[in-house]
Participant: 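I have a structure here, written as structure tokens, and I will follow up with some questions on it.
Just so it is clear, the model here is predicted, and its values are computed rather than measured.
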Amino acid sequence: MSANGHFLILRRYRAGDLDLILKAYGPCGLVKIIVPDGFDPSKGFLGITEPSNFLYIVYRQSGDVLIMKDVIKVIPLAYTSIKDYNCYLWRSSILLFVEKWFIHYDPDLFNMLFKYLNLNPKNRAVFLTRFKLEFLKGLGLYKEDIFKEELRKFVKVIAEEESFIKLERLRIEQRVVLELDKAIEDHLSRSL
């Protein structure tokens with residue numbers, strides 16, 4: 001029996017001579033997708049299975065692995081980051097966080113993820129913190145008391161600022177960013 005769904009490609013591996021294995025996030029949560037003959041250039045899968053691309057695919061499930069049967073639609077975000085190294089770094093940091101913490105599928109989180117991957121902020125540290133705070137809110141895990149008292153004012157500004165232009169202008173010391181990140185990671189490891 002076949003199904004279809006949207007998936008964000010996180011990683012791509014070669015398996016055997018011609019097959020590809022994709023690590024992806026989509027309606028089944030974090031999954032591995034086998035692309036039979038995906039490494040064969042005549043099949044045309046190499047270009048569309050790049051990390052940070054969104055694929056709408058037809059697949060069948062075999063145990064805990066999905067086997068891709070066909071591609072319906074591709075949103076090729078990987079190619080827009082080729083022109084800009086900062087965009088590549090931004091998307092890579094998002095994909096690493098998704099791979100580590102996005103365990104179960106939630107359509108709101110998937111939409112949030114799509115929104116953030118389409119950004120190319122100059123102030124990556126602030127926007128990545130904002131992304132992580134929105135992730136906590138989406139899971140219902142957001143609490144100001146997970147942060148030290150002196151960090152809460154930064155958290156409040158980053159989490160509540162409506163204007164992305166103001167977030168771009170916000171300057172925060174690297175030490176503060178690292179402490180915020182550590183608090184978020186510690187909270188997630190205790191909660192998930």
Participant: Show the nearest heavy-atom pair for residues Ala183 and Phe147, with the distance to one decimal.
Facilitator: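 Closest pair (atom of Ala183, atom of Phe147, distance): CB-CD2, 3.6 Å.
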Participant: Among Ile, Leu, Val, Met, Phe, Trp and Tyr joined by side-chain contacts under 4.5 Å, find the other residues sharing a cluster with Ile165 and list them by chain and number.
Facilitator: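 Traced through the cluster, Ile165 reaches no other member.
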Participant: Hey, are the side chains of Trp90 and Leu119 touching, using non-hydrogen atoms and a 4.5 Å cut-off?
Facilitator: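 Yes. Closest side-chain heavy atoms under 4.5 Å.
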Participant: For Lys166, is the NZ atom crowded, meaning more than 12 foreign heavy atoms sit under 6.0 Å from it?
Facilitator: no
Participant: Please lay out, stage by stage, how Thr49 and Arg12 fare under the test side-chain hydrogen bond (donor to acceptor under 3.5 Å, both in side chains).
Facilitator: CA-CA 7 Å; Thr49 56; Arg12 176 175 76 179; 3.1 Å; yes
Participant: Applying side-chain contact (heavy atoms from CB on, under 4.5 Å) to Asn123 and Arg171, what does each step give before you reach the verdict?
Facilitator: CA-CA 8 Å; Asn123 196 349; Arg171 295 293 164 236; 3.2 Å; yes
Participant: Would you say the side-chain atoms of Glu144 pair up with the backbone N or O of Lys156, donor to acceptor, closer than 3.5 Å?
Facilitator: no
Participant: If we ignore hydrogens and angles and just use 3.5 Å, is the side chain of Ser191 paired with the main-chain N or O of Leu188 as donor and acceptor?
Facilitator: no
Participant: Which atom names give the shortest non-hydrogen contact between Lys137 and Ala159, and what distance separates them?
Facilitator: NZ-O, 3.5 Å
Participant: Quick one: do Asn86 and Asn120 satisfy side-chain hydrogen bond (donor to acceptor under 3.5 Å, both in side chains)? Show the steps, please.
Facilitator: CA-CA 8 Å; Asn86 286 325; Asn120 186 10; over 6 Å; no
Participant: Of all heavy-atom pairs between Leu180 and Thr129, which one has the smallest distance, and what is that distance?
Facilitator: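 Distance-wise, the nearest heavy atoms are CD1-CG2, 4.1 Å.
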Participant: So if you build clusters from Ile, Leu, Val, Met, Phe, Trp, Tyr with side-chain heavy-atom gaps below 4.5 Å, do Val31 and Trp101 land together?
Facilitator: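 Each belongs to a different hydrophobic cluster.
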Participant: Give me the atom names and distance for the closest heavy-atom approach of Gly5 to Tyr59.
Facilitator: N-CE2, 3.8 Å
Participant: Please indicate whether Asp145 has more than 12 foreign heavy atoms, meaning atoms of other residues, nucleotides or ligands, lying under 6.0 Å from its CG.
Facilitator: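 More than 12 within 6.0 Å, yes.
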Participant: Would you check, one step at a time, whether the test side-chain contact (heavy atoms from CB on, under 4.5 Å) holds for Tyr25 with Phe7?
Facilitator: CA-CA 5 Å; Tyr25 175 73; Phe7 292 88; over 6 Å; no
Participant: In this structure, is the centre-to-centre distance between the rings of Tyr142 and Phe135 below 6.0 Å?
Facilitator: no
Participant: Counting only heavy atoms not in Arg60 (residues, nucleotides, ligands), do more than 12 fall under 6.0 Å from its CZ?
Facilitator: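 No, not enclosed.
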Participant: side-chain hydrogen bond (donor to acceptor under 3.5 Å, both in side chains), that's the test. Do Arg169 and Ser163 meet it? Break it down for me.
Facilitator: CA-CA 10 Å; Arg169 294 179 185 151; Ser163 168; over 6 Å; no
Participant: Say you draw a straight line from CD1 of Ile184 to OG of Ser189; how long is it, rounded to the nearest 0.5 Å?
Facilitator: 11.5 Å
Participant: Looking at CG of Leu30 and CG of Leu8, how far apart are the two atoms once the value is rounded to the nearest 0.5 Å?
Facilitator: 9.5 Å
Participant: Return a table of donor-acceptor pairs under 3.5 angstrom between the side chains of residues 32-40 and protein atoms on other chains or two or more places apart.
Facilitator:
unit_1: Asp40; atom_1: OD1; unit_2: Ser42; atom_2: N; d: 3.1
unit_1: Asp40; atom_1: OD1; unit_2: Ser42; atom_2: OG; d: 2.9
unit_1: Asp40; atom_1: OD2; unit_2: Ser42; atom_2: OG; d: 3.2

Participant: Counting N and O atoms only, with roles assigned by atom type, does the side chain of Glu50 sit under 3.5 Å from a partner on the main chain of Ala78, one being a donor and the other an acceptor?
Facilitator: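 Not at all, since once roles are kept as given, no pair shorter than 3.5 Å links the two residues.
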Participant: Treating Ile, Leu, Val, Met, Phe, Trp and Tyr as nodes and any side-chain heavy-atom pair under 4.5 angstrom as an edge, say whether Leu22 and Ile75 lie in one connected cluster.
Facilitator: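 Each belongs to a different hydrophobic cluster.
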Participant: Is there a path from Val65 to Ile21 through hydrophobic residues (I, L, V, M, F, W, Y) whose side chains come within less than 4.5 Å of each other?
Facilitator: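 Yes, Val65 connects to Ile21 through the hydrophobic network.
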Participant: Rounded to the nearest 0.5 Å, what separation is found between the OH atom of Tyr79 and the OG atom of Ser52?
Facilitator: 10.0 Å
Participant: Side chains of Asp186 and Lys182: closer than 4.5 Å at any heavy-atom pair?
Facilitator: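 The answer is yes; the side chains approach within 4.5 Å.
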Participant: side-chain contact (heavy atoms from CB on, under 4.5 Å), that's the test. Do Lys153 and Val157 meet it? Break it down for me.
Facilitator: CA-CA 6 Å; Lys153 65 181 177 182; Val157 169; 5.7 Å; no
Participant: Which value, rounded to the nearest 0.5 Å, describes the distance between His104 atom NE2 and Leu139 atom CG?
Facilitator: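 Reported value, rounded in 0.5 Å steps: 9.5 Å.
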Participant: One pair to check against side-chain contact (heavy atoms from CB on, under 4.5 Å): Leu96 and Arg11. What are the steps and the verdict?
Facilitator: CA-CA 10 Å; Leu96 287 171; Arg11 291 187 186 266; 3.7 Å; yes
Participant: Is the distance from the ring center of Phe164 to that of Phe127 below 6.0 Å?
Facilitator: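 When the ring centroids of Phe164 and Phe127 are compared, they turn out to be within the sub-6.0 Å range.
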Participant: Please determine whether residues Val177 and Val155 belong to a single hydrophobic cluster, defined as Ile, Leu, Val, Met, Phe, Trp and Tyr linked transitively by side-chain heavy-atom distances below 4.5 Å.
Facilitator: yes
Participant: In terms of side-chain geometry, is the basic nitrogen of Arg130 or Glu161 positioned less than 4.0 Å from the acidic oxygen of its partner?
Facilitator: no
Participant: May I ask you to check if Lys73 and Tyr56 form a cation-pi contact, with NZ or CZ under 6.0 angstrom from the six-membered ring centre and within 45° of the axis?
Facilitator: no
Participant: Say whether Ile94 and Leu167 are linked into one hydrophobic cluster, either directly or through other cluster members, by side-chain heavy-atom distances under 4.5 angstrom.
Facilitator: yes
Participant: Can you find a heavy atom in the side chain of Ile72 that is under 4.5 Å from one in the side chain of Leu55?
Facilitator: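 Sidechains of Leu55 and Ile72: no contact.
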Participant: Is atom CD of Glu150 surrounded by more than 12 heavy atoms (other residues, nucleotides or ligands) closer than 6.0 Å?
Facilitator: yes
Participant: Taking only distance into account, with no hydrogens and no angle test, what donor-acceptor pairs under 3.5 Å do side-chain atoms of residues 109-118 form with protein atoms, sequence neighbours excluded?
Facilitator:
unit_1: Asn111; atom_1: ND2; unit_2: Pro107; atom_2: O; d: 3.3
unit_1: Tyr116; atom_1: OH; unit_2: Glu134; atom_2: OE2; d: 2.5
unit_1: Asn118; atom_1: ND2; unit_2: Phe114; atom_2: O; d: 2.9

Participant: With a 6.0 Å cut-off on ring centres, are Phe131 and Phe97 close enough?
Facilitator: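 That pair passes the under 6.0 Å test.
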Participant: Using modelled atom types only, decide if a donor and an acceptor are shared between the side chain of Glu160 and the backbone of Glu162 within a distance under 3.5 Å.
Facilitator: no
Participant: Where the side chain of His187 meets the backbone of Leu141, is there a donor-acceptor pair that is under 3.5 Å apart?
Facilitator: yes
Participant: Would you give the length of the straight line joining atom CG of Leu128 to atom CG of Asp181, rounded to the nearest 0.5 angstrom?
Facilitator: 6.5 Å
Participant: Within a radius of less than 6.0 Å around OH of Tyr13, do more than 12 heavy atoms belonging to other residues, nucleotides or ligands occur?
Facilitator: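 Correct, the count exceeds 12.
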Participant: In Å, rounded to the nearest 0.5 Å, how long is the span from CG of Asn4 to CD1 of Ile57?
Facilitator: 9.0 Å
Participant: Taking all non-hydrogen atoms of both residues, which atom of Asn53 and which atom of Gly47 are closest, and how far apart?
Facilitator: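 Looks like ND2-O, 3.6 Å.
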